[in-house]
A.B. asks: 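Before anything else, here's the structure in question.
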Amino acid sequence: MVYWCCRDVGVVAGFKRQQVATRIVSLNQPWEEIESRFVKDTAYEMRRAARDGVQPLFDQDLALFLDFYRTFAKQKGLGVPRLEELKGYLGHVTIGKALLGNEPLVMNFYIMDSTSQRVRMLYSASHFRTMSDPANRYLVGRANRFLHREAMRFFKNQGFSYYDLGGFAPESQDPAVMAINRFKESIGGSLLWEVHYTSLMVRLTQSVRAWMKDLGGR
């Protein structure tokens, strides 16, 4: 069992406590005010993506998202969530897509908490690493920024108050992570520190799966 973004930050028996940071954009303000916080270049790329013909779509197609994410995870060397795991979020999940025609360029997986009026991006995926043409890679980058703008607009209209960019690593010196940090900062919002709790049984299961995967690759 995993508890994300907890307000109670004390020690809990049987759980590993991990302090984490994220960036939160308040949706409790006029849309014009939210847009005014975008860095100039980011705002331009969002508008450019719209001129390119990129369109947003929000649904709950878990199978399509998982298929898209699987390709992304292979490029990045990441683990892939199981469909059964994603189904556990049904009723509290929205998948955002940036489409060019019928082709998805970017997909984001959001979990929604109506009690806290908060939406958190749990997974994000794109396939730009498979593209040899720089123009297409830049197009995907613009689509990614555009999708965040449209997701904020979508969830604001749904009555949510907070848009969580899905984590932030202010202390990282990894160039790739620092680039992601800069990207998230360009969208605005404020830094928030909170705590995740992961049960020791979940951590044991994850360790066993990783060991079996490693064993199968030998």
Side-chain angles (χ1 to χ4, degrees), residues 1-8 12 14-18 20 22 24-25 27 55-99 102-127 129-130 140 143-144 147-148 150-167 180 194-217:
M1 189 174 294
V2 180
Y3 294 93
W4 298 80
C5 313
C6 298
R7 302 176 198 173
D8 184 350
V12 179
F15 286 80
K16 177 179 173 59
R17 177 180 178 277
Q18 180 186 11
V20 295
T22 191
I24 296 283
V25 177
L27 304 178
Q55 295 289 329
L57 178 66
F58 298 94
D59 61 23
Q60 294 188 341
D61 192 336
L62 299 181
L64 180 60
F65 171 80
L66 190 58
D67 184 59
F68 189 85
Y69 187 84
R70 189 176 287 111
T71 299
F72 165 80
K74 184 176 181 181
Q75 298 163 7
K76 294 272 291 182
L78 301 174
V80 179
R82 294 174 295 118
L83 182 58
E84 293 75 15
E85 176 186 341
L86 298 186
K87 285 182 177 179
Y89 294 112
L90 279 176
H92 306 278
V93 60
T94 292
I95 296 168
K97 304 172 185 176
L99 303 174
N102 293 321
E103 180 183 0
L105 302 178
V106 182
M107 287 193 189
N108 292 340
F109 184 102
Y110 297 98
I111 51 175
M112 305 173 296
D113 182 356
S114 58
T115 301
S116 64
Q117 296 186 314
R118 177 172 170 180
V119 177
R120 179 179 175 89
M121 185 179 71
L122 190 57
Y123 299 106
S124 180
S126 67
H127 293 175
R129 291 173 181 81
T130 65
V140 172
N144 188 22
L147 182 56
H148 280 287
E150 295 306 304
M152 284 188 278
R153 195 197 308 269
F154 174 81
F155 290 118
K156 178 177 174 62
N157 291 338
Q158 293 292 313
F160 287 93
S161 298
Y162 304 101
Y163 183 81
D164 183 340
L165 285 159
I180 294 172
E194 52 196 355
V195 170
H196 295 339
Y197 290 94
T198 305
S199 71
L200 299 182
M201 182 58 69
V202 167
R203 289 182 60 82
L204 176 61
T205 300
Q206 291 172 340
S207 297
V208 170
R209 285 178 180 163
W211 175 77
M212 292 180 67
K213 181 180 179 181
D214 181 62
L215 188 65

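Worth knowing before you read on, the calculation uses all heavy atoms, side chains too, and leaves out hydrogens, waters and symmetry mates. Sequential numbering from 1 along the given sequence is applied to the chain's residues.
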A.B. asks: Not counting sequence neighbours, which residues clear salt bridge (Lys or Arg N to Asp or Glu O under 4.0 Å) with D59? List them please.
C.D. replies: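 Result, salt bridge (Lys or Arg N to Asp or Glu O under 4.0 Å) vs D59: K97.
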A.B. asks: What residues, two or more places apart in sequence or in another chain, satisfy side-chain hydrogen bond (donor to acceptor under 3.5 Å, both in side chains) together with T22?
C.D. replies: D164
A.B. asks: Please name the pair of heavy atoms, one in A143 and one in A98, separated by the smallest distance, quoted to 0.1 Å.
C.D. replies: O-CB, 3.8 Å
A.B. asks: Please examine the side chains of M152 and V119, heavy atoms only from C-beta on, and report whether any two atoms are closer than 4.5 Å.
C.D. replies: no
A.B. asks: Tell me, please, which residues at least two apart from S161 pass side-chain contact (heavy atoms from CB on, under 4.5 Å).
C.D. replies: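 Only N28, Q117 meet the side-chain contact (heavy atoms from CB on, under 4.5 Å) criterion with S161.
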A.B. asks: Within a strict 4.5 Å, meaning less than it, do heavy atoms of the M121 and N108 side chains meet?
C.D. replies: yes
A.B. asks: Partners of Q55 by side-chain contact (heavy atoms from CB on, under 4.5 Å), sequence neighbours excluded?
C.D. replies: none
A.B. asks: Do V80 and L66 have side chains that approach each other closer than 4.5 Å (heavy atoms only, starting at C-beta)?
C.D. replies: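 Heavy-atom side-chain distance check passes, below 4.5 Å.
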A.B. asks: Considering residues at least two apart in sequence or located in another chain, which fulfil the ring pair (Phe, Tyr, Trp, His ring centres under 6.0 Å) criterion with Y123?
C.D. replies: Y69, F109
A.B. asks: Could you report the tightest heavy-atom contact between L105 and S126, atom names first, then the distance?
C.D. replies: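 Looking at all heavy atoms of both residues, the closest pair is O-CB, 3.5 Å.
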A.B. asks: Do H92 and D113 make a side-chain contact, defined as non-hydrogen atoms from C-beta onward lying under 4.5 Å apart?
C.D. replies: no
A.B. asks: Using side-chain contact (heavy atoms from CB on, under 4.5 Å) as the criterion, list what pairs up with A151, not counting sequence neighbours.
C.D. replies: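 Counting only residues at least two positions away or on another chain, A151 forms a side-chain contact (heavy atoms from CB on, under 4.5 Å) with F58, Y110, F155, Y163.
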A.B. asks: Which pair of heavy atoms, one from V93 and one from Q60, lies closest together, and at what distance?
C.D. replies: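 So the two residues come closest at O-NE2, 2.8 Å.
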A.B. asks: Please find the pair of heavy atoms, one from I95 and one from D61, that lie closest to each other, and give the distance.
C.D. replies: CD1-O, 3.3 Å
A.B. asks: Between L83 and L62, is there a side-chain heavy-atom distance shorter than 4.5 Å?
C.D. replies: yes
A.B. asks: Under 4.5 Å between any side-chain heavy atoms of V140 and H127, yes or no?
C.D. replies: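 With C-beta onward as the side chain, the pair stays apart.
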A.B. asks: For R153, give me all partners under side-chain hydrogen bond (donor to acceptor under 3.5 Å, both in side chains), at least two apart in sequence or on another chain.
C.D. replies: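 Expected list: E150.
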A.B. asks: With side chains defined as the heavy atoms from C-beta onward, is the minimum distance between R118 and I24 less than 4.5 Å?
C.D. replies: yes
A.B. asks: Are N144 and H148 side-chain neighbours, meaning at least one heavy-atom pair lies under 4.5 Å?
C.D. replies: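 Yes; the side chains approach each other to less than 4.5 Å.
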A.B. asks: Would you name the heavy atoms of L99 and P104 that are closest together and state the gap between them?
C.D. replies: CD2-CA, 3.5 Å
